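Notes to accompany the following structure.
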Protein chains: 2
Amino acid sequence: MGKRKLESTNMINERHLDECDLSYALRKLGGRWKILILGKLENKTLRFKELKERVGNITERMLILQLKELEADGLVTRTAHPVVPPRVDYELTQLAIDSIPIWRLLEVWGAQHRNETGNSLPYPKEVGSCD
Amino acid sequence: MGKRKLESTNMINERHLDECDLSYALRKLGGRWKILILGKLENKTLRFKELKERVGNITERMLILQLKELEADGLVTRTAHPVVPPRVDYELTQLAIDSIPIWRLLEVWGAQHRNETGNSLPYPKEVGSCD
DNA sequence: CAGTATCCATTAAGATACTG
DNA sequence: CAGTATCTTAATGGATACTG
């Protein structure tokens with residue numbers, strides 16, 4: 001839908017960096033909301049509205065945009081039930097489930113980073129909690 | 001320097017998400033260039049120009065912006081030698097070194113993702129290679 | 001309920017020229 | 001060499017109203 005400048009330096013750099021598996025992986029999980037959405041779906045199937053409530057502060061537009069990308073990237077599955085009112089369920093794919101242990105490590109590293117750089121939270125928090 | 005709309009929803013969301021150690025960690029390592037820069041500095045001290053040559057295609061402006069952020073975030077150290085012409089060395093901190101095993105896991109996951117989603121590279125590549 | 005469509009604001013990234 | 005400064009473009013994120 002949007003204009004694509006396939007030959008802009010921006011796009012060239014993006015493609016170049018995506019050849020690196022690591023940059024590629026970071027792009028799939030990056031963005032402001034994706035990891036949070038995936039976290040909400042851990043061990044659970046949720047419908048659109050439930051997801052929106054749990055993520056909190058996300059607009060419907062951003063939620064659907066992120067879900068579409070995650071779906072296209074094979075990280076969530078979308079199941080639409082042909083009922084009225086509509087019901088659509090989202091859940092993690094195995095590929096996404098495989099990435100969970102890595103998030104946990106990153107989370108622990110993030111907490112360590114906070115402590116060592118003095119960016120500590122004003123209150124303690126358990127691993128995995130991310131309201 | 002730039003205008004800051006501290007109370008925009010954008011900023012509020014950003015702060016909110018940063019309370020999550022995982023989103024926080026992803027923000028520290030995210031962006032187009034950071035992981036690549038950190039990778040170049042693994043086991044090596046490099047000066048500005050060497051870094052620019054190795055990262056390839058990055059502008060001086062972007063490189064210095066990323067380096068400043070990495071320095072402020074305690075991930076690289078900057079050592080300026082008082083000589084003419086100037087010489088500035090960059091190297092990883094222990095905190096950054098601690099994160100390397102996690103990148104490797106993400107990298108492996110990225111490669112797996114490619115295979116399973118049909119986004120495979122047109123040629124094989126070794127782990128850790130990211131020209 | 002589960003989205004779309006439209007428009008606007010903010011941030012990230014790049015090109016280029018210049019300086020201590 | 002190691003940056004700054006300034007300007008432009010591209011991408012992301014948000015508000016709001018509307019629809020099947």
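What you see is a predicted model; the values in this text were computed from it and never measured. Numbers restart at 1 for each chain; the letters A, B, ... are given by sequence-line order, proteins then strands.
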To the nearest angstrom, how far is [X] atom [atom1] from [N] atom [atom2]?
X	N	atom1	atom2	answer
B:Ile64	C:dT19	CD1	P	18 Å
A:Lys68	D:dG13	NZ	C1'	19 Å
A:Leu46	C:dA2	CG	C1'	15 Å
A:Met11	D:dT9	CE	P	18 Å
B:Leu63	D:dG3	CG	C1'	10 Å
A:Arg47	C:dG3	CZ	P	10 Å
A:Phe48	C:dT4	CZ	C1'	11 Å
A:Lys52	D:dA15	NZ	P	10 Å

Could you list the residues that satisfy salt bridge (Lys or Arg N to Asp or Glu O under 4.0 Å) with [X], not counting sequence neighbours?
X	result
B:Lys49	B:Glu53
B:Arg114	A:Asp21
A:Arg27	A:Glu14, A:Asp18

### Task
Only pairs at least two apart or in different chains count here, so list each disulfide (SG to SG under 2.5 Å) that has a residue in residues 44-114 of chain B.
none
### Query
Tell me, which pairs form a disulfide (SG to SG under 2.5 Å) where one or both residues lie in residues 8-38 of chain B, sequence neighbours left out?
A:Cys130-B:Cys20
Please output the side-chain donor-acceptor pairs of residues 80-91 of chain B that fall under 3.5 Å, not counting sequence neighbours, one pair per line with the distance.
unit_1  : atom_1 : unit_2  : atom_2 : d
B:His81 : NE2    : B:Asp89 : OD2    : 2.8
B:Glu91 : OE1    : B:Thr45 : OG1    : 3.4

Look for any protein N or O under 3.5 Å of an N or O in nucleotides 13-16 of chain C and output each such pair with its distance, or none.
unit_1 : atom_1 : unit_2  : atom_2 : d
C:dA13 : OP1    : B:Arg32 : N      : 3.3
C:dA13 : O3'    : B:Arg32 : NH1    : 3.3
C:dA13 : N7     : B:Arg61 : NH2    : 3.0
C:dG14 : OP1    : A:Asn13 : ND2    : 2.6
C:dG14 : OP1    : B:Arg32 : NH1    : 3.0
C:dG14 : OP2    : B:Trp33 : NE1    : 3.2
C:dG14 : N7     : B:Arg61 : NE     : 3.1
C:dG14 : O6     : B:Arg61 : NE     : 2.7
C:dG14 : O6     : B:Arg61 : NH2    : 3.1
C:dA15 : OP1    : A:Thr9  : OG1    : 2.3

### Task
Tell me which residues in residues 73-87 of chain A put a heavy atom below 4.0 Å from DNA chain C, sorted by number, or none.
A:Arg78, A:Pro85, A:Pro86, A:Arg87
## Note on the structure
Contacts of B:Asp98 meeting side-chain hydrogen bond (donor to acceptor under 3.5 Å, both in side chains) (sequence neighbours excluded), chain-then-number -> A:Gln112, B:Gln94
### Summary
Given Watson-Crick and G-U pairs under 3.5 Å, DNA chain D in dot-bracket ([ ] crossing, | other strand) is ||||||||||||||||||||
### Query
Phosphate oxygens OP1/OP2 of C:dC1: is one of them under 4.0 Å from a side-chain N or O of A:Tyr90?
no
### Message
Strictly below 4.0 Å: does B:Lys49 bring a side-chain N or O up to OP1 or OP2 of D:dA2?
### Response
no
### Query
Going by the salt bridge (charged side-chain N to carboxylate O under 4.0 Å, His left out) test, which pairs reach into residues 61-77 of chain B, not counting sequence neighbours?
B:Lys28-B:Asp73, B:Lys34-B:Glu69
### Verify same cluster id: B:Ile100, A:Tyr24 (apolar side-chain graph, 4.5 Å)
no
### Query
Which residues pass the ring pair (Phe, Tyr, Trp, His ring centres under 6.0 Å) test with B:Trp33, sequence neighbours left out?
none
### Query
Is the side chain of A:Lys52 donor-acceptor paired with the backbone N or O of A:Ile58 at a distance under 3.5 Å, no angle test?
yes
